[in-house]
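First comes the structure, then the notes that go with it.
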Number of protein chains: 2
Amino acid sequence: MNAKGGKVRGRRPGNGSTRDDILVAARGEFEEKGYDSATVRAIAARAEVDPAMIHHFFGNKEKLFLAAVDVPFDPATIAETVTSGRRDQLGERAVRTFLGVWEHQHVRGPLLALLRSAMTNRAAAAMLRQFVTRALLGRVVPALDDLPDAELRAEALVSHLIGMGILRYVVQVEPLASASEDELVALIGPVIQHYISDVEPSDGS
Amino acid sequence: MNAKGGKVRGRRPGNGSTRDDILVAARGEFEEKGYDSATVRAIAARAEVDPAMIHHFFGNKEKLFLAAVDVPFDPATIAETVTSGRRDQLGERAVRTFLGVWEHQHVRGPLLALLRSAMTNRAAAAMLRQFVTRALLGRVVPALDDLPDAELRAEALVSHLIGMGILRYVVQVEPLASASEDELVALIGPVIQHYISDVEPSDGS
DNA sequence: GACATAATTCATCATGTGTTGAATATTGCC
DNA sequence: GGCAATATTCAACACATGATGAATTATGTC
């Protein structure tokens, strides 16, 4: 027994969940503040854990970030969901899938963390760039290779989805933030579809 | 004369440009790092000025931010440029105008600063939300009020432009980052146009 | 039970943060 | 020239940051 205020030292009995608690807390903080603004101490406090535990388990802040922001969905699965099925409904499927990703908390966290961090941190921007380039484009573009400028089109498409995500979930402009999933699918789906339909190339320089 | 290393104290002769130097440096730092990650000391160093000068001239960091990130273009002018002219070319005009804004350095700075800051800072997010809601929608939506869901459409439109800006200028994914202005206008313009053309409302629930 | 290994707390370090106040020099007005 | 106002530097404060090392307690293995 330790009558004084501080907690007792030493290892806790039982099978501790500290490591996982830290990961959960880290995702929360990185999600809300981005890499630079999230602090080791705030993460530790959120996990109700001593800050030193973070270094004990993960070494340093950067390694913790890499461990926490491990995008918890398989890009291949997403890409397959989007690209399989009727081609003329691909736009709607893309919007619906993308919205679905944001609505699931355990996926939205890392995504937000990555987005927020990418805005101010070079390493995180590189991660996001790589993620967009490799995971998304590497899988979706091949399905569209009959179009001219397939890469550019795919990126324009993704840029729309990301912009919508930011305005809806981060900046929270109305009425975008409160619009229903169906509304957005109906509105944005056809527009996304536009990118993968072979419209007239206008003036091919 | 002061033989020692430090600079001489006291006021400098001549009409100093310190205040403006600070503003320029502040825009640079806020632009590159966002509000939270930019530091008073780094701004001072960039302006080649003592950190105390910042508080002397601006009081504190937040007031400096407000003074520095004073969006240097008139939203009314932009809106007029976009909304005047042939309606069926509005999409292309919007894309071209938006790209033009980003290409001018003295405009791109504050915009980037606002965007970066909005990702991690509530006050900045509120500023951006207000900016989007009031400046853009307040002026563009009235010109589109014959469309259903004019507000939502306008925001979807803006979200695409913002997403493109982020992917092109911040994350710098290729080939988006290196695409020419004309390429982007040709590709994205028609899609933006889609939002302001009265397509079939699909299924009005 | 001895003992290596792992988990946990605490104190502390070096550095960086925004901010303040005093000291000093210049300008501009009377 | 006298003197208030302004501009500039320096030193420091109070606090937050990431990180480290020692001390302490539990677990698991032999």
Side-chain angles (χ1 to χ4, degrees), chain A residues 1-26 29-30 32-68 117 120-121 123-124, chain B residues 1-26 29-30 32-68 117 120-121 123-124:
Chain A
M1 301 286 182
N2 193 340
K4 306 207 180 100
K7 299 176 181 176
V8 284
R9 281 193 175 185
R11 184 171 185 160
R12 292 297 120 79
N15 45 345
S17 63
T18 303
R19 212 193 119 99
D20 287 338
D21 293 347
I22 291 175
L23 279 177
V24 171
E29 290 294 309
F30 285 135
E32 291 170 16
K33 322 200 174 165
Y35 181 81
D36 290 314
S37 296
T39 72
V40 168
R41 285 172 152 88
I43 293 169
R46 186 164 180 156
E48 293 175 318
V49 143
D50 193 281
M53 302 274 9
I54 288 178
H55 294 88
H56 177 54
F57 281 116
F58 300 96
N60 58 26
K61 187 183 176 182
E62 191 177 344
K63 289 180 187 166
L64 172 62
F65 181 76
L66 291 179
S117 304
T120 53
N121 186 279
Chain B
M1 303 287 181
N2 194 340
K4 303 197 182 113
K7 299 177 181 176
V8 284
R9 280 192 176 186
R11 184 170 184 159
R12 293 297 121 82
N15 45 347
S17 63
T18 303
R19 212 193 118 99
D20 288 338
D21 292 347
I22 291 176
L23 278 177
V24 171
E29 290 293 310
F30 285 135
E32 291 170 14
K33 321 200 175 165
Y35 181 82
D36 290 313
S37 296
T39 72
V40 169
R41 286 172 151 89
I43 293 170
R46 187 165 178 154
E48 292 174 318
V49 143
D50 192 282
M53 302 277 2
I54 287 178
H55 295 86
H56 177 54
F57 281 115
F58 299 96
N60 57 27
K61 186 183 177 183
E62 191 177 345
K63 289 181 187 166
L64 172 62
F65 182 74
L66 291 178
S117 304
T120 53
N121 186 278

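Below, chain A is the first sequence line, B the second, and so on; all start at residue 1.
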>> Between P on dA12(D) and NE2 on H55(B), what's the gap in Å once rounded to a whole number?
In response: 19 Å
>> Among dT9(C), dA26(D), dT19(C), which nucleotide has an atom closest to any side-chain atom of P13(A)?
In response: dA26(D)
> Relative to the 5' end of DNA chain D, which residue comes earlier, G59(A) or T39(A), by the nucleotide with the nearest heavy atom?
Replying inline: T39(A)
> Within this structure, what is the CD1-to-C1' distance between I54(B) and dT6(D), rounded to whole angstrom?
Replying inline: 18 Å
> Within the structure shown, what part of the strands sits under 4.0 Å from A38(A) by heavy-atom distance: base, sugar-phosphate, or nothing?
Replying inline: sugar-phosphate
>> Using a 3.5 Å distance criterion without hydrogens, assess whether the side chain of T39(A) forms a donor-acceptor pair with backbone atoms of A42(A).
In response: yes
> How many Å lie between CG on D36(A) and P on dG16(C), as a whole number?
Replying inline: 15 Å
>> What I want to check is whether an N or O donor and acceptor connect the side chain of R41(A) with the base of dG18(D) at under 3.5 Å.
In response: yes
> Atom NE2 of H56(A) and atom P of dT5(C): how far apart are they, to the nearest Å?
Replying inline: 13 Å
> Does K61(B) count as lying over the ring of Y35(B), i.e. NZ or CZ under 6.0 Å from the six-ring centre, within 45 degrees of the axis?
Replying inline: yes
>> A side-chain contact here means heavy atoms from C-beta on lying under 4.5 Å apart; do L23(A) and F57(A) qualify?
In response: no
>> Closest approach to the side chain of A52(A), judged atom by atom: which nucleotide of dC10(C), dG21(C), dT8(C) is it?
In response: dC10(C)
> In degrees rounded to 10°, what angle is found between the helical axes fit to the five outermost pairs at each end of the helix from dG1(C)-dC30(D) to dC30(C)-dG1(D)?
Replying inline: 0°
>> To the nearest 0.5 Å, what is the distance between CD on E48(A) and CE on M53(A)?
In response: 14.5 Å
> For the pair made of OH in Y35(A) and P in dT17(D), what is the distance, rounded to whole Å?
Replying inline: 14 Å
> Crowded around K33(A) NZ? As in, over 12 foreign heavy atoms under 6.0 Å?
Replying inline: no
> When the distance from CD of E62(B) to C1' of dT19(C) is rounded to whole Å, what number comes out?
Replying inline: 14 Å
> Given side chains that start at C-beta, do those of F30(B) and I43(B) come closer than 4.5 Å, heavy atoms only?
Replying inline: yes
> Quick one: M53(A) CE to dC10(C) C1', roughly how many Å, whole number?
Replying inline: 13 Å
> Rounding to a whole Å, what distance do you find between R9(A):CZ and dT9(C):P?
Replying inline: 10 Å
> Looking only at heavy atoms, which two atoms of H55(B) and N60(B) are closest? And how far apart?
Replying inline: CD2-CA, 3.9 Å
